Each structure stands twice: as C-alpha cells, then as structure tokens.
Amino acid sequence: MVVGNTLLYTYAKCGLLAMAQQVFEELPFHNVVSWNTLIAGYAQQEFYDEVIRCFESMKLKGVAPDTSTHVWALKACSSMGVFDVGEKVLAEAEERGLMERDLVVSSTFLVDLHAKSGSLAKAQQVFDKAPVRDVVMWNALATGYVNQGQGERALSCFYQMKLEGVSPNALTFICILKSCGGMGAASKGQELHMEIDRCGLLQSGHVGTTLMDMYVECGLLGKAQQVFNKLQCKD
RNA sequence: ACCUCGCUGGUC
C-alpha cells in the first residue's frame, strides 16, 4: 500500500498523470492517501474537473475524504467558478466536523472563496468569527479588498494586522503595494518600500516587480528604475 | 506509516 502510494506520488509530482492514473488503477486498495495523492496531482496541473470527478468517485467507493481532500475539491470549485458545487462540498466538510478540526486552514479558504466571488461582507464575517488569525488569513482578506478596488480597507487591514502582532510577509506586501498603485498613493508606497528593505524582502517572490509596478502607476519612473537596478533576477 | 493541503505580482 505504502509503496504503491509512494510510486503514485512520484508520478503525480512530476506531472505524469497518465502514469499516476495507471498506477492508481493497479493498486489493490485505495485509501484516503491514494486518492489525495491523485487529486493533488490533478489539482497542480489545473485539471479541476478531474479533481471533482475523483472527489465524487472516492465517495462512491466508500472512502471518506479528509480535510486535504475537501480543500482540493473546494479550490477546484472556486477556480472553475462553480460556487454551487462548492457550497455542497463545504456542507459535507461541515457534516464531517472537518471545519472545526482544521479551523485556520478552512476559514482562510472560506475568506478567500467569498472574497473571490465578490461577497466581501461574507469574507469579513468568516474572518471575524475565526479565533486565530494568522498572516495568511489577513492576506486573503486584504487581497479581497484590493481586488474589489477597496484599497483603503486593504491598507487598514495591513495596519490592523501589525497592531495585533502579526508580521507581514512577502505576499502581504504584494497585496498592499498593489492597492497603493491603484490609489496612486505614492507616499504610502514609499513607506512600504522602506519596510520591505528593512525586512529584506525585496528579492523575495514577486515583491520587486510589484514595487516597480506601484512606482510606475504613481508616475515615479525614476524610483521604478532604482528598484529595477537593485533586483537580482530581471525577467 | 505513505499524500500536507489555505493567501502570490507584472505581461492588454
């Protein structure tokens, strides 16, 4: 069983899904892990309809999905924009008591889901109910506000999270910089720039390009050029 | 025991 799952994992990880599928079919038994591995493989290649298909068929086979499975399935639903299916998957997760067991992960997921479907009030509601809020959850909420053009609210998230003692990470800066760009808030953007330097995050992820973009949108091309010169990898 | 899963920019 374990050997089979490991082989399955190896193929899925490399994106060799046809091989993974074949190994899967040859396994005498399928447990949650086998299914999750296959599903993760499909999800990473963005074959979301396959994810949903697997999710349904594992249940038919009598294997109970766990939190990972639900998160993958929910992600697939939100990426494809089938929120009605998502609601059902969610209801099942609740029935199984998974939401309570992995509260932070599932709440963040919900915040994100609601934010992406445009209901920020719902996102905010889930957020407010969560007993623990980590940086990822703050990011999910702030990103939601930015994408709806509510840059001011995103900024207040940023200040609020710091008040609560949560340190921003690279993703936080990307999100907040984007809101500054959208609002043309050059001075705020420069404050962020200093903070990024202080945290040594300029080279991390897409922080540098987002920072440049912010300066460009604010009309500060010289500043953008300076950032560009400091970037180690330019693409 | 094996899967560890939630937030990620620019490119018109």
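First the proteins, then the strands, lettered A, B, ... as listed; each starts at 1. None of the values given here were measured: they were computed from a predicted structure. Side chains included, hydrogens not; waters and symmetry mates left out as well; all remaining heavy atoms used.
In this pair, A:Trp138 and A:Phe127 present their aromatic rings perpendicular. The plane angle is above 60°, beyond the 30 to 60° band.
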Contact list (N/O, under 3.5 angstrom) for nucleotides 9-12 of chain B vs protein:
| from | atom 1 | to | atom 2 | distance (Å) |
| --- | --- | --- | --- | --- |
| B:rG9 | O2' | A:Thr210 | OG1 | 3.2 |
| B:rG9 | N7 | A:His206 | ND1 | 3.2 |
| B:rG9 | O6 | A:His206 | NE2 | 3.1 |
| B:rG9 | N2 | A:Thr209 | OG1 | 2.9 |
| B:rG9 | N3 | A:Thr209 | OG1 | 3.3 |

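A:Phe109 has its CZ atom 18 Å from the P atom of B:rU4, to the nearest Å. The nearest whole Å value for the distance from the CG atom in A:Asp102 to the P atom in B:rG6 is 12 Å. A:Trp35 has its CH2 atom 18 Å from the P atom of B:rU4, to the nearest Å. For the pair A:Gln44 CD and B:rG6 P, the interatomic distance rounds to 8 Å; values are reported in whole Å. The interatomic distance linking A:Ile39 (CD1) with B:rG6 (P) rounds to 14 Å, in whole Å. One interatomic measurement links the two molecules: CG of A:Asp66 to C1' of B:rC2, which rounds to 13 Å at whole-angstrom precision. A:Leu74 has its CG atom 11 Å from the P atom of B:rC7, to the nearest Å. The distance between atom CG of A:Asp112 and atom C1' of B:rG6, rounded to the nearest whole Å, is 8 Å.
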Handout entry: CA sep, side-chain torsions, deciding dist, call: A:Asp213, A:Thr210, side chain to side chain donor-acceptor pair (under 3.5 Å)
Key = CA-CA 5 Å; A:Asp213 188 54; A:Thr210 311; over 6 Å; no

Exercise for the section: Go through A:Lys59 and A:Glu56 one step at a time and tell me if the salt bridge (charged side-chain N to carboxylate O under 4.0 Å, His left out) criterion holds. Expected result: CA-CA 5 Å; A:Lys59 285 186 294 177; A:Glu56 293 304 330; 3.5 Å; yes

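Between the side chain of A:Asp134 and the base of B:rG6, a donor-acceptor pair under 3.5 Å is found.
A sub-4.0 Å separation between OP1 or OP2 of B:rU4 and a side-chain N or O of A:Lys75 is absent. A sub-4.0 Å separation between OP1 or OP2 of B:rU8 and a side-chain N or O of A:Lys116 is present.
Chaining together hydrophobic side chains whose heavy atoms lie under 4.5 Å apart leaves A:Val2 on its own. Other cluster members for A:Leu211: A:Leu155, A:Phe158, A:Tyr159, A:Phe173, A:Ile174, A:Ile176, A:Leu177, A:Met183, A:Leu192, A:Ile196, A:Leu201, A:Leu202, A:Val207, A:Met212, A:Met214, A:Tyr215, A:Leu220, A:Val227, A:Phe228, A:Leu231, joined by side-chain heavy-atom distances under 4.5 Å among Ile, Leu, Val, Met, Phe, Trp and Tyr.
When distances are taken from the side chain of A:Ala140 to each of B:rC7, B:rG6, B:rU4, the shortest belongs to B:rC7. Closest to the A:Val136 side chain, of the nucleotides B:rC3, B:rC2, B:rC7, is B:rC7. Counting only heavy atoms from C-beta on, A:Val2 has its side chain closest to B:rA1 among B:rG6, B:rA1, B:rC3. Checking B:rG6, B:rC2, B:rC3 against the side-chain heavy atoms of A:Ala40 singles out B:rC3 as nearest.
Taking 4.0 Å as the cut-off between side-chain N and carboxylate O, A:Asp112 and A:Lys116 count as a salt-bridged pair.
No close placement of the A:His70 and A:Phe109 rings is indicated, their centers lying 6.0 Å or farther apart.
Here A:Val104 lies in heavy-atom contact (under 4.0 Å) with a base. Nucleic acid contact for A:Asn31: base, since at least one base atom lies under 4.0 Å from a heavy atom of the residue.
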